[in-house]
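To start, the structure under review is shown below, and the notes come after it.
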Amino acid sequence: MKSSHLKPEPIRVVVTGAAGQIAYSLLYMVAKGDVFGPNQPVILHLLDIPPMMPVLEGVVMELADCAIPLLRGVVPTADVAVAFKDVSAAFLVGAMPRKEGMERKDLLSANVKIFKEQGSALDRYAKKDVKVLVVGNPANTNALICSKYAPSIPKENFTAMTRLDQNRAQAQISSRLGVPVGEVSNVIIWGNHSSTQFPDASHALVNINGKQIAVPDAIKDDNWLRSMFVEIVQKRGATVIAARKMSSALSAAKAATDHMRDWFAGTAPGAVVSMGVISDGSYGAPKDVVFSFPVTIKDGKWRIVEGLVIDDFAKEKLALTGAELEEEKREAVAITQA
Ligand SMILES: NC(=O)c1ccc[n+]([C@@H]2O[C@H](COP(=O)([O-])OP(=O)(O)OC[C@H]3O[C@@H](n4cnc5c(N)ncnc54)[C@H](O)[C@@H]3O)[C@@H](O)[C@H]2O)c1
Ligand SMILES: O=C(O)C[C@H](O)C(=O)O
């Protein structure tokens, strides 16, 4: 018997902005099993806007030419009713990227309406347990708006991507310590995927010669951890744009697969990852904004890690990024109600 006969039924996964840059890497990663595992076949729903349909056709051709056994179907479309029909996972990537000199929140007026429309479409057409990852910027506030327009889907199912920031932070620490990046874990990203985010290494761990050590003890330079490190991660997106003249795409796609894989498969014992999730006010964050917290995941459900000690420096940073999210929320609500 062929092994494909033993595999479960395919699940439907939508990627929006499917003719764009991030999707160009992401689609391959999802199709070959990086997210749902080597035994889970997928049917990819590809949503983009009508003028991009000829480009999308080219992407469909290339996916076919990859000859990926797990990929059981591709549905290219400009119709949200088709795109969101019966999907179990949604990567909401489609949105305008920022250009040099812009902040991500400058994209609110252009992008938030997309997430209002797609929230309503998810509400009507997706599975009620669909897991939604918003990548399009400003990701946290777009995720909040998307969830507000999908009242029949639990708000815990709407998340925003700060995994790229987490991966960037881990890469910086690995390079500073001269250890492989896989040895660094549990760096936390607090707050907004913006230049007010707080990358926090105070609870992070590094494996050196078989021993788990607290990152601050290994780095032995709190000043670097509180200044340069924070700034490098906060500004990394802008630094990539300045170099590439386009925003990060390969690393964004990789982070999106990390986020969704952990959400479906769970985190390993002791491992903590960061996700933008609906805030319950933990750690003094404002409630009812999508705020990045440290979480653990089991059985498809995330839980905010409780009881971490937050010093005055961190409290100040959390307050700043929380205030920005409240301001973005006010602006987004005004735009969607206009
Ligand atoms: N959260 C993160 O860490 C992170 C990282 C990188 C990029 N981003 C953001 O992701 C978004 C996409 O980036 P990109 O580089 O792929 O951009 P891109 O311009 O290459 O692609 C975006 C695609 O979205 C499509 N699109 C626009 N409106 C749409 C709609 N209503 N429905 C479906 N598709 C639509 C466009 O036609 C285009 O094909 C940007 O907002 C960018 O800022 C977020
Ligand atoms: O910085 C950007 O605008 C793109 C993305 O959000 C990133 O962090 O690279």
Side-chain angles (χ1 to χ4, degrees), residues 16 22 89-93 95 103-105 107-108 111-112 114-115 118-119 122 130-150 153-169 186-200 233-234 236-237 248 251-264 267 272-297 300-305 317-329 331-332:
T16 73
I22 294 175
F91 292 87
L92 303 188
V93 180
E103 284 295 328
R104 295 181 187 98
K105 65 184 166 198
L107 297 168
L108 255 183
N111 287 344
V112 82
I114 298 176
F115 291 86
Q118 294 184 356
L122 282 161
V130 61
K131 290 180 166 55
V132 181
L133 166 59
V134 174
V135 174
N137 278 317
N140 299 53
T141 300
N142 287 339
L144 181 76
I145 295 300
C146 198
S147 136
K148 295 238 176 280
Y149 284 89
I153 299 171
K155 50 191 183 315
E156 290 75 19
N157 292 28
F158 291 83
T159 61
M161 189 164 93
T162 52
R163 186 60 170 264
L164 177 54
D165 308 295
Q166 178 192 317
N167 289 347
R168 287 167 171 165
N186 297 11
V187 182
I188 297 169
I189 304 298
W190 299 96
N192 200 3
H193 173 63
S194 77
S195 53
T196 66
Q197 68 177 269
F198 175 41
D200 176 9
V233 179
Q234 286 176 334
R236 186 69 160 187
S248 61
S251 56
K254 161 64 168 57
T257 66
D258 288 342
H259 176 120
M260 204 62 113
R261 181 201 59 233
D262 285 350
W263 199 359
F264 273 80
T267 46
V272 168
V273 295
S274 292
M275 282 167 76
V277 297
I278 189 74
S279 170
D280 61 355
S282 292
Y283 297 103
K287 284 188 184 168
D288 198 34
V289 296
V290 170
F291 194 96
S292 181
F293 285 106
V295 302
T296 55
I297 304 165
K301 304 222 176 304
W302 52 262
R303 277 180 80 128
I304 297 172
V305 176
K317 297 276 184 206
L318 263 64
L320 193 75
T321 194
E324 183 183 50
L325 280 167
E326 285 187 302
E327 184 197 313
E328 280 187 19
K329 175 178 162 180
E331 203 182 315

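Positions are given from 1, in the same order as the sequence printed here. The figures that follow rest on heavy atoms only: side chains count, while hydrogens, waters and symmetry mates do not.
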Side chains of [X] and [Y]: closer than 4.5 Å at any heavy-atom pair?
X: Lys301; Y: Glu156; result: no
X: Thr141; Y: Val290; result: no
X: Asp258; Y: Gln166; result: no
X: Leu133; Y: Leu92; result: no
X: Trp190; Y: Ser274; result: no
X: Leu164; Y: Arg168; result: yes
X: Phe158; Y: Ile153; result: yes

Closer than 3.5 angstrom, by distance alone: can the side chain of [X] be matched with the main-chain N or O of [Y] as a donor-acceptor pair?
X: Thr296; Y: Val272; answer: no
X: Gln197; Y: Gly191; answer: no
X: Asn157; Y: Val132; answer: no
X: Ser147; Y: Lys155; answer: no

For [X] and [Y], work out which heavy atoms get closest and say how close.
X: Ala255; Y: Arg163; value: O-CG, 3.6 Å
X: Pro286; Y: Ser279; value: O-OG, 2.7 Å
X: Phe115; Y: Ala95; value: CE1-CB, 4.1 Å
X: Asp165; Y: Val233; value: O-CG1, 3.7 Å

Checklist entry - How far apart are the C-alpha atoms of Val289 and Asn140, what are their side-chain angles, what is the distance that settles it, and do they pass the side-chain contact (heavy atoms from CB on, under 4.5 Å) test? => result CA-CA 8 Å; Val289 296; Asn140 299 53; over 6 Å; no

How many angstroms lie between [atom1] in [X] and [atom2] in [Y], if you round to the nearest 0.5 Å?
X: Phe291; Y: Thr321; atom1: CZ; atom2: OG1; answer: 5.5 Å
X: Ile304; Y: Phe293; atom1: CD1; atom2: CZ; answer: 4.5 Å
X: Arg303; Y: Thr267; atom1: CZ; atom2: OG1; answer: 11.5 Å
X: Thr159; Y: Met260; atom1: OG1; atom2: CE; answer: 6.5 Å
X: Ser248; Y: Ile22; atom1: OG; atom2: CD1; answer: 6.0 Å
X: Asn192; Y: Lys105; atom1: CG; atom2: NZ; answer: 8.0 Å

Quick one about [Y] and [X] (side-chain donor to acceptor, distance below 3.5 Å, no hydrogens or angles considered), yes or no?
X: Glu103; Y: Ser195; result: yes
X: Ser194; Y: Glu324; result: yes
X: Asn142; Y: Asn111; result: no

Item to check | Ion pair Lys317/Asp200, N-O distance below 4.0 Å | outcome: no

